[in-house]
Amino acid sequence: MNVTQITFSEFLLSERSQHKLDKDLIFLLEDIATSCRIISHQIRGGAFAGKLGATKSTNVQGETQKQLDVIANEVFVRHCSNCGRVAALVLEEVDEIYWLKDKPEAGDYLVYFDPLDGSSNLDVNLSVGSIFSISQLPTAIDATDDRSILRAGSEQISAGYSVYGPSTSLVVTTGNGVNGFTHQQGTGEFRLTFPDMLIPETTAEFAINASRYSLWHPPVRRYFDECIRGKDGPRNKAFNMRWTASMVAEVHRILIRGGVFLYPSDAGNISSGGKLRLMYEANPMAFVIEQAGGAASTGTNRILDVQPTSHHQRVPVILGSKEEVTVLDRYHRES
Ligand code: AHM
Ligand code: MG
């Protein structure tokens, strides 16, 4: 870790002048950072405030909501509605698109959130996170047209996540590389601690929920089987495996030390698209990973090129160090 005194606000100002970023984007990123600070605080106090555990409700995906899922959702809505350029919010926990402007103009922002990813980890005190993605409307539109938020990941102008672990990190890209910040207790500032994050091209670490082995398709089984055969297998390499059940924590680990993460489609009761949602999980993470020199694929397509057809759509996800993603793409082609 390379501790600097540069705060997130100072960093954004220098990004703005270097890369001619819109001032409203800077305000919006500040609002997102504020939201992450608040959510981090709520999570740390969760057990004392009686905020761990489930609500009585389920979300649009039919999943039981944690109290903190609902709280994190409200925090993002409250803070990210301030910016006059935000046309709509798309949130994992809410079925409808949350339109903030009656007559959105060209260039207005569309913001996609997974407010609290991996929330099944809360009760057992493991890392969770928030994920965000920002795109722009190419033209002015009629606000009732929900299809206008279905933008491919390649149109993102910024994305990132916050991981609430032993410390709180904020990792952001505006399409000019990836930078990581750590929340400093006391000053309350996010300070630049991981400038210019780059993923090593090669790795010997993979992450997958191996309990789903019997449901996987052949290319994923082939990859996994070869990894666990280690040095005696065709990959001639001793692999290590990790699974935290929190995508934000997995992506953070990959940005720091390399690796590959898979949540493939399988024959389970989840739709054939896989588990993870395209617009607020796969796209932002794919943008971050590519900006850090890695690759992100569905197995058959670059994630950022997938044209969305619905805002809660799911997609298979393979991302991380380039060499492993390339191997997995090849196994999909060969199957
Ligand atoms: P969530 O958005 O409902 O929290 O689900 C997404 C999470 C990811 O963070 C993680 O990679 C995955 O679900 C874990 O799934 P599994 O329960 O199969 O381990
Ligand atoms: Mg999620």
Side-chain angles (χ1 to χ4, degrees), residues 35-36 39 43 46 52-55 57-73 75-76 89-95 111-133 153 159-165 169 171 205-216 220 224 241-255 259-286 288-289 296 298 303 311-320:
S35 305
C36 295
I39 294 166
I43 287 171
L52 296 180
T55 61
S57 52
T58 51
N59 69 8
V60 55
Q61 342 261 350
E63 299 155 341
T64 306
Q65 286 178 307
K66 301 281 181 190
Q67 294 176 63
L68 282 162
D69 278 325
V70 176
I71 291 167
N73 191 74
V75 170
F76 278 117
L89 302 176
V90 180
L91 298 136
E92 176 180 346
E93 301 302 325
V94 186
D95 193 9
V111 195
Y112 309 81
F113 286 113
D114 182 347
L116 202 54
D117 183 62
S119 52
S120 64
N121 276 333
L122 282 170
D123 294 346
V124 289
N125 201 17
L126 291 176
S127 294
V128 292
S130 300
I131 313 173
F132 72 91
S133 156
Y161 63 83
S162 189
V163 53
Y164 313 114
S169 303
V171 171
E205 194 163 73
F206 67 99
I208 191 165
N209 181 351
S211 69
R212 304 187 69 82
Y213 183 91
S214 64
L215 305 169
W216 292 338
V220 176
F224 178 86
M241 197 190 89
R242 286 285 178 272
W243 187 249
T244 66
S246 170
M247 188 199 199
V248 179
E250 317 271 10
V251 168
H252 198 61
R253 186 185 62 247
I254 289 170
L255 280 170
V260 64
F261 166 89
L262 298 91
Y263 214 113
S265 62
D266 63 33
N269 50 12
I270 295 165
S271 77
S272 59
K275 178 178 185 185
L276 301 176
R277 277 51 60 112
L278 174 63
M279 307 218 65
Y280 40 81
E281 293 178 323
N283 272 342
M285 292 314 203
V288 167
I289 291 280
T298 62
I303 287 176
H311 58 281
H312 292 302
Q313 164 178 358
R314 297 174 193 264
V315 72
V317 174
I318 298 169
L319 53 76

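We count ligands from 1, going down the list as the structure has it; atoms in each ligand are counted the same way.
Using a 4.5 Å heavy-atom cutoff, the side chains of L68 and I43 are in contact. Counting heavy atoms from C-beta on, the side chains of H312 and D95 come closer than 4.5 Å. Side-chain contact between M247 and V317 is present, with at least one heavy-atom pair separated by less than 4.5 Å. When side chains are defined from C-beta on, E281 does not count as touching K275, because their heavy atoms never get closer than 4.5 Å. In this structure, V248 and Y164 have side chains that are not in contact, with every pair of non-hydrogen atoms separated by 4.5 Å or more.
In the model, Y161 has a side-chain atom that pairs as donor or acceptor with a side-chain atom of H252 under 3.5 Å. A side-chain donor from one of D69 and S119 sits under 3.5 Å from a side-chain acceptor of the other.
Put simply, part of R277 is less than 4.0 Å from ligand 1, judged by heavy atoms. A heavy-atom separation below 4.0 Å is not found between R212 and ligand 1.
Only protein N, O or S atoms were scored, and 3 of them lie under 2.8 Å from the Mg ion (ligand 2).
When the heavy atoms of E250, E93, K275 are ranked by distance to atom 12 (C) of ligand 1, first place goes to K275. The residue from D266, I208, D117, V128 that puts a heavy atom closest to atom 6 (C) of ligand 1 is D117. Ranked by closest heavy atom to atom 16 (P) of ligand 1, the top entry among T244, N209, V251, L276 is N209.
Between F113 and F76, the ring planes are parallel. Angles under 30° get that label, and only those over 60° would be called perpendicular.
The minimum heavy-atom distance linking A207 with E250 is given by the pair CB-OE1, 3.5 Å.
Atoms of ligand 1 found under 4.0 Å from any heavy atom of M247 (numbered from 1 in listed order, with element): 8 (C), 9 (O), 10 (C), 11 (O). Close contacts of ligand 1 with S119, meaning ligand atoms under 4.0 Å from a residue heavy atom, involve 4 (O). Shown in contact with D114 at under 4.0 Å from a heavy atom are these atoms of ligand 1, numbered in order with element: 2 (O). For ligand 1, the atoms lying closer than 4.0 Å to a non-hydrogen atom of E281 are 2 (O), 6 (C). Close contacts between ligand 1 and E92 involve ligand atoms 2 (O), 3 (O) [criterion: under 4.0 Å to a heavy atom]. Ligand 1 places these atoms under 4.0 Å from at least one heavy atom of A245: 9 (O), 10 (C), 14 (C), 19 (O).
For F206 and W243, the ring centers are positioned 6.0 Å apart or more.
S169 places no side-chain N or O within 3.5 Å of a backbone atom of S162 that could act as its donor or acceptor partner.
Residue contacts with ligand 1, taken as heavy atom pairs separated by less than 4.0 Å, involve F261 solely via side-chain atoms from C-beta onward.
For the side-chain contact (heavy atoms from CB on, under 4.5 Å) criterion with V251, the lone passing option out of I131, L319, V171 is L319.
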